[in-house]
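Worksheet: one structure, shown below.
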Amino acid sequence: MLKFEAYKKVIVSATVAASVALLAVGCVDDVKPQNSTSAKSTTLGIDGGTIYPVVNGKKGPYLVNEQALSHSLNYGRVPNSAELAAWDTDIQPVTALSPEGHGLPEGEGSVEDGGDIYDAKCVMCHGDFGSGGGGYPALSKGNAYDLHKTLTNNRWKDPEAAGPVRVFGSYWPQASTLFAYIKDGMPHPFSGSLTDDEVYALVAYILNINEMKIDGQEVDDDYVLTREKFLKIKMPNVDGFEPKISGKNALPVVRAYFANAKNFGAQNLNQGAVRCMHDCQKATAKIKYIQNGGIKDFKPVMSDVRDLPAKKAEKLDVKKTYAASCAMCHDSYLAPGAPEWANYTAEGMETVYKKAIKGTEGGMPAKGGTDLSDADFKTMADYISSGKVK
Amino acid sequence: MAKKELQEEKTLARRDFFRKTAAASVTALAGTSLFANESTGSGDPAIMNHTAWGQTWGDPVDKFPYGMPSKYEHNVVRRATSLLSSGNFRASIAVTPIQESKGIITPNGLFFSRSHGGVAHVNPNEFRLMIHGLVEKPIVLTLEQLKRYPSVTRTHFIECPANGGQEWRGPQFNSVQFAKGFMASAEWTGVYLKTILEDLGLKPEAQWMLAEGSDNSKMGRTIPIDKVLDDAMVVYGQNGEALRPEQGYPVRLLLPGWEGNLCVKWLRRLEFSQEPWYCKEETSKYTDLKPTGKAIQHFYANEVNSTVTSPSPEIPWTDVKAGDVVEIEGLAWSGMGTITGVDLSFDGGKNFVEAKLKGLVLPKSWTRWSYMYKIPKNFQENGKQIILASRAMDDAGYIQPTIDQEVGVMGVEAVYHRNAIETWEVTETGKVNHVEIRSI
Amino acid sequence: MAKMKIKAKEKKGVVKVKAMFTNLMADREQAKKTGVKTEFIKYIVATVNDKVVYEVTTSGFMSENPLVKFKFKGAKKGDKIIFTTIDNEGKKQTGKKKIK
């Protein structure tokens, strides 16, 4: 396939250029290691790593059946337009090659409606006014434009100092991400349940609590967000990311970025790094220990013992369990062996079990709120209905 | 002549062996510990007594149609912690007990489990994979149709780029499972995406591919076309069986060496486009903030890395003594190539010696290494406690940075892609503690 | 300085209010420990039509960016609720919101 070949050429020429530029000096100082990493003419991929083209029927160490690429296979079928429309709902932002963005639906929503939907469906995880909590991300920490300035904060020495604030308003480069994620993924127990208008309202509310502006206008309490206005949102951190990934030249830019180890904090022996074997450390280097015992709440607890698993809960003690878990209700209603039980046991014990395990409208919680096994629970039901321990 | 030489060599070898064993038994006799019980006449009960399992029927062969590990192995498990427990352990991670890992394959039940909305249980009969966008012919495939494509099988680790990401500002976990276990390795079977694309025909303006999951977080990531046409796979097999639900059953994307998050699970859709998507997990998260205030996005590969697994905080040296010779063992891996060597330090990275690689050395795969070491008195070298540090290299030329080198460029707020040299301090009693050697 | 966040909603004569204030809520001891400046709100009052509907004295015991929630009767949609806070240095801040 011609177009396919064209691609391969593009990629190979880019990577060859990179690897030629990177052939560099040796690095070993006073020892000659057996498995020396003398600069090899490796082919670099877009990630800055080695790629293994198929050579003599092998891709790296793996044998390849090259017949696989010489047949037309034509499996599957072409999806119809309804199917494509059902799944092709992703949203892309306004970019160089895409002045209208892609996929943003028509619709509108107000900050006020957004606040109400938020308090009904989101606040339990994301906190009041998006303040976060319980391990769920905060959606706002205040004014987006002010907090954007915290991104250069770095807790180098003082772990208690203020770190960078990475919330929607201060960090995210594109608002389309928020719209797409709320529409597709939120709220997690009911993903995909919000209408487009509801998503517009929630986005409006989140812009509001981040104290943001659109086209110079504050997203205040009376703001109504529309598709047209949405496309004009400019996030404070839109230029905060490297390498640039938009435009016709994106892939060469990304390849060049990762071809330079310095850009991403890496050390490369082909780019001047040294494999030091002796006397490699600065005098200032110190041992840093775990503070305050560190994190230990492992689930399950850490152990390397090879024994039999701990025995499951002790054998059921019917009287004790009754006193602890059932007496508060059953002492005054349907007490163990009470004559009223006849009205229930007449339907057969299986029915009694079933109702009690599921919970009843009369107020009995499922399994009486215990975490007993079904078998143990039935034993309890036998006791309470008959007044006798079997 | 030649035959005679060979025979002599054989004899020599045999003699050497006997001499060695004789010497060893002399030492053993000289020591008292081995025969400490002899005076009482009792022996090791594990030898002297009949065992429970040796005196009666074992299980019938059809008791477990799908076998389980020995019940004595119940502590070899994935673990989670409240620090990483969002969504009641659903938008969360459970990590692999790499201290117990053997070789370069993780059993499927121990493969680390990370999801953004819980582990989805996909009905394979309702699985569909849609491939569309800038292709000549869009298609939709059932699982059976996908499996009809010529398959490839590859051994690769998958690593969460936040492996070690809790420790940019200092060590936090006294555990190799939590410090380095956000990863696991398997033999994967699936189809190269380029094989499918040969049939569909990619349009020349396509630069990016969206991979989208069918779970409730609709995980989406943007992938550059370079990777798609190199070694990107859609996989359905893991260590000889179907993928586990935690790994995206029935089908996930596999981008060898790249962020685990990019290897989208419960896959349902691939779309090709000229511009990228800016998905949530490639903007708000999985981006590395530098001290300049700029963040690296599309940071694809997990860089060269290594750790000592034995000893480790979980497998200490409390049962070895001065003079014992032990094997120090570890893992090395790189998402950017093949491991070419591992250096080992006993003084926290001042001086290094070369360790030996063991077993299969494959691209973008876990690689085993080890070093035979004679335990010094009080676990001290030159009057200082041993601090073990390993440093791996790969065939793209990358070598693990020191903490100072890495932090010097990345600062301490990056969260992801931390691959600086890891260090264990061995105390006088042989306990092993996670420490960091740094001046920043 | 971030603004006060206020939400006030009237339903069947009852107005439900919640408000969040941007403040470190660090007393001197805490400030010293964490290296931030001493800053805490010591008084919060809310009025509607010049009538006090909520009043509270606070200190560093509340967590950063404190949140208050309360209900009251006797206001209608369109009335304005006005919050005033006074911090440890006597600095006043106000925020208002129309009841919806």
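Quick note on labels: first sequence line is chain A, next is B, and so on, each numbered from 1.
Using a 4.5 Å cut-off between heavy atoms, A:L178 makes no contact with chain B at all. Of the two parts of A:Y181, only the side chain, counted from C-beta on, holds a non-hydrogen atom closer than 4.5 Å to a non-hydrogen atom of chain B. Contacts of A:K286 with chain B are made by both backbone and side-chain atoms, with heavy-atom separations under 4.5 Å. At a 4.5 Å heavy-atom cutoff, the contact between A:K248 and chain B is made by backbone and side-chain atoms alike. If you measure heavy-atom distances from B:E282 to chain A, you find no contacts under 4.5 Å at all. When heavy atoms are compared at a cutoff of 4.5 Å, B:F299 approaches chain A by way of both its backbone and its side chain. Only the backbone of A:N153 comes within less than 4.5 Å of a heavy atom of chain B; no side-chain atom from C-beta onward does. Heavy atoms of A:A250 lying under 4.5 Å from chain B belong to its backbone as well as its side chain. In this structure, no portion of B:V361 lies under 4.5 Å from any heavy atom of chain A. Heavy atoms of B:Q166 lying under 4.5 Å from chain A are absent altogether. For A:A283, no part sits under 4.5 Å from any heavy atom of chain B, backbone or side chain. Looking at A:W172, the atoms closer than 4.5 Å to chain B (heavy atoms on both sides) all sit in the side chain, from C-beta outward. The contact between A:E242 and chain B is made by backbone and side chain atoms together, counting heavy-atom distances below 4.5 Å. Heavy atoms of B:H132 lying under 4.5 Å from chain A belong exclusively to its side chain. Looking at B:V152, neither its backbone nor its side chain comes within 4.5 Å of chain A, counting heavy atoms on both sides. Heavy atoms of B:S273 lying under 4.5 Å from chain A belong exclusively to its side chain. Looking at A:H71, the atoms closer than 4.5 Å to chain B (heavy atoms on both sides) all sit in the backbone: N, CA, C or O. With a 4.5 angstrom heavy-atom cutoff, B:E406 touches chain A via backbone and side-chain atoms both. Contacts of B:D404 with chain A are made by side-chain atoms alone, with heavy-atom separations under 4.5 Å and no backbone atom involved. Contacts between B:W168 and chain A at a heavy-atom distance below 4.5 Å are absent for every atom of the residue. For A:R77, the parts sitting under 4.5 Å from any heavy atom of chain B are the backbone and the side chain alike.
Checking A:N74 against B:K137 by side-chain atom types alone, a donor-acceptor pair falls below 3.5 Å. Side-chain atoms of B:E436 and A:Y289 include no donor-acceptor pair closer than 3.5 Å. Between A:T95 and B:Y278, the side chains place no donor N or O within less than 3.5 Å of an acceptor N or O (distance only, hydrogens not considered). The closest side-chain donor-acceptor pair between A:Y52 and B:D395 falls under 3.5 angstrom. B:E275 and A:S246 share a donor-acceptor pair across their side chains, judged by distance under 3.5 Å alone.
Cation-pi geometry between A:K296 and B:F178 is not met: the NZ or CZ atom fails to fall both under 6.0 Å from the ring centre and inside 45° of the normal.
For the pair B:Y300/A:V254, a side-chain contact is recorded, criterion being any heavy-atom separation below 4.5 Å from C-beta on. The closest side-chain heavy-atom distance from B:L210 to A:Q92 is not below 4.5 Å.
By number of non-hydrogen pairs under 4.5 angstrom with chain A, the leading residue of B:H116, B:Q145, B:R148 is B:R148. Comparing A:G103, A:P93, A:A96 by heavy-atom pairs within less than 4.5 Å of chain B, the highest count is held by A:P93. Between chain A and the options B:T283, B:I440, B:V409, the largest number of non-hydrogen pairs under 4.5 Å is found for B:T283. Heavy-atom pairs under 4.5 Å with chain A were tallied for B:L360, B:L362, B:L83; the largest tally goes to B:L362. With chain B as the partner, the residue from A:K282, A:Q174, A:M302 showing the most heavy-atom pairs under 4.5 Å is A:M302. Ranking A:D88, A:T284, A:L84 against chain B, the residue ahead of the rest is A:D88, based on heavy-atom pairs under 4.5 Å. When the candidates A:G60, A:P137, A:G49 are compared by the number of heavy-atom contacts under 4.5 Å with chain B, A:G49 comes out ahead. Of the listed residues (A:N65, A:N237, A:N292, A:V78), the greatest number of heavy-atom pairs within a distance under 4.5 Å of chain B belongs to A:V78. The choice from A:L151, A:T152, A:N154 that makes the most heavy-atom pairs within less than 4.5 Å of chain B is A:N154.
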Next on the checklist: Run B:D230 and A:K59 through salt bridge (charged side-chain N to carboxylate O under 4.0 Å, His left out) and show every step you take.
Outcome noted: CA-CA 10 Å; B:D230 176 25; A:K59 187 165 172 64; 2.7 Å; yes

Checklist entry - Could you go step by step and tell me if B:R128 and A:E83 meet the salt bridge (charged side-chain N to carboxylate O under 4.0 Å, His left out) rule? => result CA-CA 11 Å; B:R128 300 289 183 273; A:E83 290 168 335; over 6 Å; no

Item to check | B:S284 vs A:F168, side chain to side chain contact (heavy atoms under 4.5 Å, CB included): CA-CA, chis, key distance, verdict | outcome: CA-CA 7 Å; B:S284 77; A:F168 166 72; over 6 Å; no

Item to check | side chain to side chain contact (heavy atoms under 4.5 Å, CB included) between B:N433 and A:I290, worked out | outcome: CA-CA 9 Å; B:N433 289 323; A:I290 291 173; over 6 Å; no

Item to check | Worked check of salt bridge (charged side-chain N to carboxylate O under 4.0 Å, His left out) between B:E100 and A:R306 | outcome: CA-CA 12 Å; B:E100 300 281 3; A:R306 288 188 160 74; 3.0 Å; yes

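The backbone N or O of B:A94 sits nowhere less than 3.5 Å from a side-chain atom of A:K299 that would complete a donor-acceptor pair. A donor-acceptor contact shorter than 3.5 Å is absent between the side chain of A:R155 and the backbone of B:E413. Between the side chain of B:N351 and the backbone N or O of A:D279 there is at least one donor-acceptor pair closer than 3.5 Å. B:R79 places a side-chain N or O within 3.5 Å of a backbone atom of A:V301 that can act as its donor or acceptor partner. Distance alone, capped at 3.5 Å, is enough to place a donor-acceptor pair between the B:Y398 side chain and the A:G48 backbone. Proximity of a side-chain donor or acceptor of B:K294 to a complementary backbone N or O of A:D239 within less than 3.5 Å is detected. B:N216 places no side-chain N or O within 3.5 Å of a backbone atom of A:S191 that could act as its donor or acceptor partner. Between the A:D47 side chain and the B:W258 main chain, no donor and acceptor come within less than 3.5 Å of each other. Looking at B:N75, its side chain does come within 3.5 Å of a backbone N or O of A:V305 through a donor-acceptor pair. Using a distance-only test at 3.5 Å, with no hydrogens or angles considered, no donor-acceptor pair links the side chain of B:D199 to the main chain of A:S72.
With rounding to the nearest 0.5 angstrom, the CG atom of A:D184 is 12.0 Å from the CE atom of B:M219.
Using a 4.0 Å cut-off between charged nitrogen and carboxylate oxygen, B:D343 and A:R275 count as a salt-bridge pair. A salt bridge links A:R255 to B:D226: at least one charged side-chain nitrogen sits closer than 4.0 Å to a carboxylate oxygen.
The aromatic rings of A:Y75 and B:Y149 stand perpendicular to each other, their planes meeting at an angle above 60°, with 30° marking the opposite boundary.
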